[in-house]
Amino acid sequence: MSLEIILLAIASIFPWGFYLIYTQPNTGREKRFFFIIFFALLLGWISTELVLRASAWIWPETEIKAKVAKSILSQTAFLAFVKAGMMEELCKSILIVSLSLVLAYDWKKKEFLPETFLVGGFVALGFAGIENYHYILIAKEDDRIHTFILRTLKSSNAHLLINLCFALCLIKSNKRQFPEKYWYILAGFLLAVVQHGLFDFFVIPVGRFGHWAATALFVGIWVWIVKDRRVFMKEEIHKIEKEISSEEEVYKLPKEKPRREKASQSVPEIIR
């Protein structure tokens with residue numbers, strides 16, 4: 001039965017992972033994709049452990065024990081924005097930046113590469129996969145397929161979107177200078193916390209309004225990400241093509257010079 005749950009957890013993130021790989025443009029660095037995906041998924045799993053340990057240490061007891069609506073609302077906001085939003089996004093963001101600096105960063109130009117998008121996406125999917133496993137595990141046997149579908153369409157999707165936004169903020173920071181670059185990355189992290197908090201704030205209280213509000217939220221984020229990524233990737237591919245063409249021109253120059261020298265040397269021989 002545990003094997004079935006593991007397979008369901010993997011299946012809950014597989015469609016989103018396939019989408020990321022399929023839509024990632026060719027940049028001439030495809031050989032490193034495997035390492036990025038593997039280590040990103042691993043860090044996603046590590047981030048779940050960090051969140052659990054940090055939350056247990058900072059907030060050992062955060063159960064909702066309220067008698068009035070005002071207290072319930074404040075507890076829901078605390079769980080959504082602080083315990084879930086801030087803690088989870090802080091751990092994931094640190095790991096996304098760290099792995100990006102190792103595998104998706106140009107240290108000469110001080111720029112994040114397009115592969116940063118893969119780092120953010122697969123760290124999110126690694127986190128979502130472990131989280132989905134626990135939710136499917138504790139669900140009743142008759143509700144496991146239902147839980148799997150909901151976690152695939154909602155939770156995996158939400159984690160992915162939030163961290164893709166943060167990854168895009170890292171990439172967009174390339175166009176900014178110090179210290180604006182670091183403030184922009186910090187703003188990306190705060191945006192991730194707010195997005196996560198809003199999603200959980202609507203989902204925690206079970207109801208139709210919260211369900212439709214959360215759905216509208218990540219549909220809007222999807223449109224935002226697809227649009228911004230398309231614009232950026234066009235600029236990045238154009239930049240890569242320009243660099244490749246310039247390198248080819250430089251490579252051809254040494255070959256042309258000897259031919260001209262031989263031609264110039266052969267003229268006096270013909271005249272003689």
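When a residue number appears, it is its place in the shown sequence, counting from 1. In this text the structure is predicted, and so the values were computed from the model without any measurement.
In this structure, Tyr105 and Trp107 have perpendicular ring planes: the angle between them is above 60°, well past the 30° mark.
The shortest heavy-atom contact between Glu30 and Pro25 is OE2-O, 4.2 Å. Minimum heavy-atom separation, Cys91 to Leu50: SG-CB, 3.9 Å. Nearest heavy-atom pair, Val119 versus Ala104, reported as atom, atom and distance to 0.1 Å: CG2-CB, 4.4 Å. The shortest non-hydrogen separation linking Ile136 to Ala9 is CD1-N, 4.3 Å. Residues His196 and Ile162 approach most closely at CA-CD1, 3.5 Å, considering heavy atoms. Contact record, Ala192 with Glu89: O-CG, 3.8 Å, taken as the closest heavy-atom pair.
In this view, Arg176 and Glu180 satisfy the salt bridge (Lys or Arg N to Asp or Glu O under 4.0 Å) rule, not counting sequence neighbours.
With respect to the salt-bridge test (charged N to carboxylate O, under 4.0 angstrom), the residues Arg29 and Glu115 qualify. Salt-bridge formation is detected for the pair Glu131/Arg151: a Lys NZ or Arg NE/NH1/NH2 atom is positioned less than 4.0 Å from an Asp or Glu carboxylate oxygen.
The structure places OG1 of Thr23 at 9.5 Å from CZ of Phe18, a figure rounded to the nearest 0.5 Å. Summarising the geometry, atom CG belonging to Asn163 is positioned 6.5 Å from atom OG belonging to Ser93; distances are rounded to the nearest 0.5 Å. In this structure, the separation between CZ on Phe112 and CG on Leu170 is 4.5 Å, given to the nearest 0.5 Å. Atom NZ of Lys83 sits about 10.5 Å away from atom CD1 of Ile58, to the nearest 0.5 Å. One distance of note links CG of Leu20 with CG of Leu160; it measures 5.5 Å at 0.5 Å rounding. Rounding to the nearest 0.5 angstrom, the gap separating the NZ atom in Lys154 from the CD1 atom in Ile149 is 13.0 Å.
Asn174 contributes no side-chain N or O that, together with a main-chain N or O of Glu111, makes up a donor-acceptor pair within less than 3.5 Å.
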Q.
Between Cys165 and Ile225, does the side chain to side chain contact (heavy atoms under 4.5 Å, CB included) criterion hold? Intermediate values first, please.
A. CA-CA 7 Å; Cys165 276; Ile225 288 176; 3.7 Å; yes

Q.
Could you walk me through whether Asp200 and Gln195 satisfy the side chain to side chain contact (heavy atoms under 4.5 Å, CB included) test, starting with their C-alpha distance in whole Å, then the side-chain angles of each, then the deciding distance to 0.1 Å, before giving a yes or no?
A. CA-CA 9 Å; Asp200 283 355; Gln195 289 174 338; over 6 Å; no

Q: Begin with the C-alpha distance, continue with both residues' side-chain angles, and end with the deciding distance and a verdict on side chain to side chain contact (heavy atoms under 4.5 Å, CB included) for Lys181 and Lys175.
A: CA-CA 8 Å; Lys181 181 184 184 75; Lys175 297 183 179 181; over 6 Å; no

(Q) One pair to check against side chain to side chain contact (heavy atoms under 4.5 Å, CB included): Ile21 and Ile37. What are the steps and the verdict? (A) CA-CA 9 Å; Ile21 298 173; Ile37 294 170; 3.6 Å; yes

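By the criterion of side-chain heavy atoms lying less than 4.5 angstrom apart, applied directly or through intervening Ile, Leu, Val, Met, Phe, Trp or Tyr residues, Tyr184 is not grouped with Phe166; the two fall into different hydrophobic clusters. Criterion: ILVMFWY side-chain heavy atoms under 4.5 Å apart, direct or through other members. Under it, Phe117 and Leu42 are part of a common hydrophobic cluster. Residues Leu125 and Val51 do not share a hydrophobic cluster, defined by chaining ILVMFWY side chains whose heavy atoms lie under 4.5 Å apart. Grouping the Ile, Leu, Val, Met, Phe, Trp and Tyr side chains by contacts below 4.5 angstrom, directly or via other members, places Tyr182 apart from Phe189. Hydrophobic clustering of Ile, Leu, Val, Met, Phe, Trp and Tyr side chains at less than 4.5 Å, counting indirect connections, keeps Leu150 apart from Ile10.
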For a quick test of your reading: what N or O donor-acceptor pairs under 3.5 Å do the side chains of residues 217-224 make, sequence neighbours left out?
unit_1 : atom_1 : unit_2 : atom_2 : d
Trp222 : NE1    : Asn157 : OD1    : 2.8
Trp224 : NE1    : Asp228 : OD2    : 2.8

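Counting heavy-atom neighbours within 6.0 Å of Phe81 CZ, excluding the residue itself, gives a total above 12.
Checked against the 6.0 Å centroid threshold, Phe14 and Trp16 do not count as a close aromatic pair.
The residue from Leu118, Val123, Thr116 that alone fulfils the side-chain contact (heavy atoms from CB on, under 4.5 Å) condition with Ser100 is Thr116.
Under the 6.0 Å distance and 45° angle rule, Lys92 counts as a cation-pi partner of Phe127.
In this structure, a donor-acceptor pair under 3.5 Å is present between the side chains of Ser156 and Asn132.
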